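Let me begin by presenting the structure, written as structure tokens, before commenting on it.
Keep in mind that what you see is a predicted model, and the values were worked out from it rather than measured. Every chain is numbered from 1, with letters handed out A, B, ... down the list of sequences.
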Amino acid sequence: MPETELGTHEWWESYKETVNDDPEMDVRGHDEFSENFYVEIGDERVLLEMDGGEIEALVPNPTMNHQWSFGVEGDRETWEEFVRETPPAFNHEIIASHYRSAVRNEDGHLQLTGDNKRIFQHLRAFQRTLDLMRVAHNDGGS
Amino acid sequence: MAESYQPGDIEPISGSYVHVEVEGVDHRIYFEENGPEDGIPLLCQHTAGNNCQEWRHLLTDEEITEEFRVIAHDLPYHGKSVPPTTQEWWTEDYTMTAEKFTETLVNLADALELEDPIYMGSSMGGNIALELADWYPERFRALIGLECGAYSPGFYIDWLDHPEVNTTEVNAYACWGLMAPQSPEQTRRETMYLYEQGATGVFKGDLYYYSVDHDYRDKLDQVNADECPLYIANGEYDYLTTPEDGRQTAEGIGEGATAIEFAEIGHFPMSEHPELFNAYIREVLAAVTGDREDALPDVLEPDDVGIELHQRGPAREKTAE
């Protein structure tokens, strides 16, 4: 999905396709990943409803009628760094970015919220899902 | 990778076991080596929860093993160094401490009769360079702390040893972002594979030392780098002990301590991007032996050591339509 702006409807739909086609999401138990989580880019929150390692639905602006286990929040500039083909140090992966926020109290990084146990139970599938934002954003990467 | 093998090729690495006493207990320690018997000993320490295979590309580097006797070991409870047969080790949680770690390394060097060795380790193996320079400066020719800092909090995490978590995979991929995304995917994945081989609780037990026991923020003046030269080399993508952490640590130690940043690489340099690491570390080793006339630069870039990065992240081909 080249040149499509991060967070647009078209971007999210292409991203969903990338995740649902990803071979790593089918193996090593990643096809058991059915925990919903949200991604907040600036003021815009999108809920990813996961089912068996695939994005079943994308829900913009989720409400109290929706369910999720955890989420990732960050300003738009940080997410723009995260999805770069070669991202800058410390915003290149979710645990790295969260660590700089949560442990080192630095601004300009992503922050995890929600149920830490669920995060660690599905860490690789969740991490891979987020890494695929970079793949989708750069048309598969180089 | 510079290495290329054909069927039937046998790599020049040899493996052996040596018995080493630690805290009064006999341990059977596995180590691999390559290089001339009379070469300068270079003792290489793996990262927390991992094993000596992280160093396999250094062990087969022809240029380095021409001058250095490269030795890489598995700490007790890691890799092929099984737990001691005289202890009921299954009745307690494995926990690493600075005292136990340094005693293991010094007694291993003694058991192998290493004369004036260089010590090099990464992550927990990098941090321990400070304790070695504090407590045993006379035992080593020089210390190279890769991914080394005075303090590295926040990674002693309960989920890394929890019955409702797939710790085999989590102990690996909790470290995925410690590597630079532009390092080759094959070697990053191999680093994760090595992490997946760790025994239950060992990674977390090592991290007790790394994130809790090790704290030199208020005692850098005790690090005797003036007696034993200390090189601190941290990767650009290491978010736990950053290049800036390395600079501040060296500055706090003062005379004898040198900080250098390795650009475009992360926290597992020797295994995540061996070709680039081997080129970088040749520069540091040349400084240790005096073969390098110029001072080491503040930052080493791939171009400085003749390495061209071929692969940019994210390494994945988009599915053909």
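A pairwise comparison of heavy atoms in E283(B) and V305(B) identifies CG-CG1, 3.8 Å as the closest pair.
Between F126(A) and F37(A), the two ring planes are perpendicular [angle over 60°; tilted spans 30° to 60°]. Between W159(B) and H162(B), the ring-plane angle classifies as tilted under the 30° and 60° cut-offs.
Of residues 98-106 of chain A, those residues lying under 4.5 Å from chain B by any heavy-atom pair are Y99(A), R100(A), V103(A), R104(A). Interface residues of residues 231-248 of chain B toward chain A, defined by a heavy-atom distance below 4.5 Å and sorted by number: E236(B), Y237(B), D238(B), Y239(B), L240(B), T242(B), D245(B).
E54(A) and K16(A) are not joined by a salt bridge, as no carboxylate oxygen comes within less than 4.0 angstrom of a charged side-chain nitrogen. Ion pairing between R134(A) and E85(A) fails under the 4.0 Å rule for side-chain N and carboxylate O. The residues E196(B) and R189(B) are annotated as not salt-bridged, no charged nitrogen and carboxylate oxygen being separated by less than 4.0 angstrom.
If you check the side chains of H214(B) and E131(B), you find a donor sitting under 3.5 Å from an acceptor. There is a side-chain donor-acceptor pair under 3.5 Å between R124(A) and Q127(A).
Heavy-atom distances place no part of H109(A) under 4.5 Å from chain B, backbone and side chain included. For E169(B), the part sitting under 4.5 Å from any heavy atom of chain A is the side chain, from C-beta outward, and nothing else. The parts of A174(B) that come within reach of chain A are both its backbone and its side chain, each placing non-hydrogen atoms under 4.5 angstrom from that chain.
Taking the side chain as every heavy atom from C-beta outward, D221(B) and I253(B) never approach each other to under 4.5 Å.
Looking at R188(B), its side chain never comes within 3.5 Å of a backbone N or O of W176(B) through a donor-acceptor pair.
Cation-pi check for R118(A) over F70(A) is not met; the charged atom does not lie both under 6.0 angstrom from the ring centroid and within 45 degrees of its normal.
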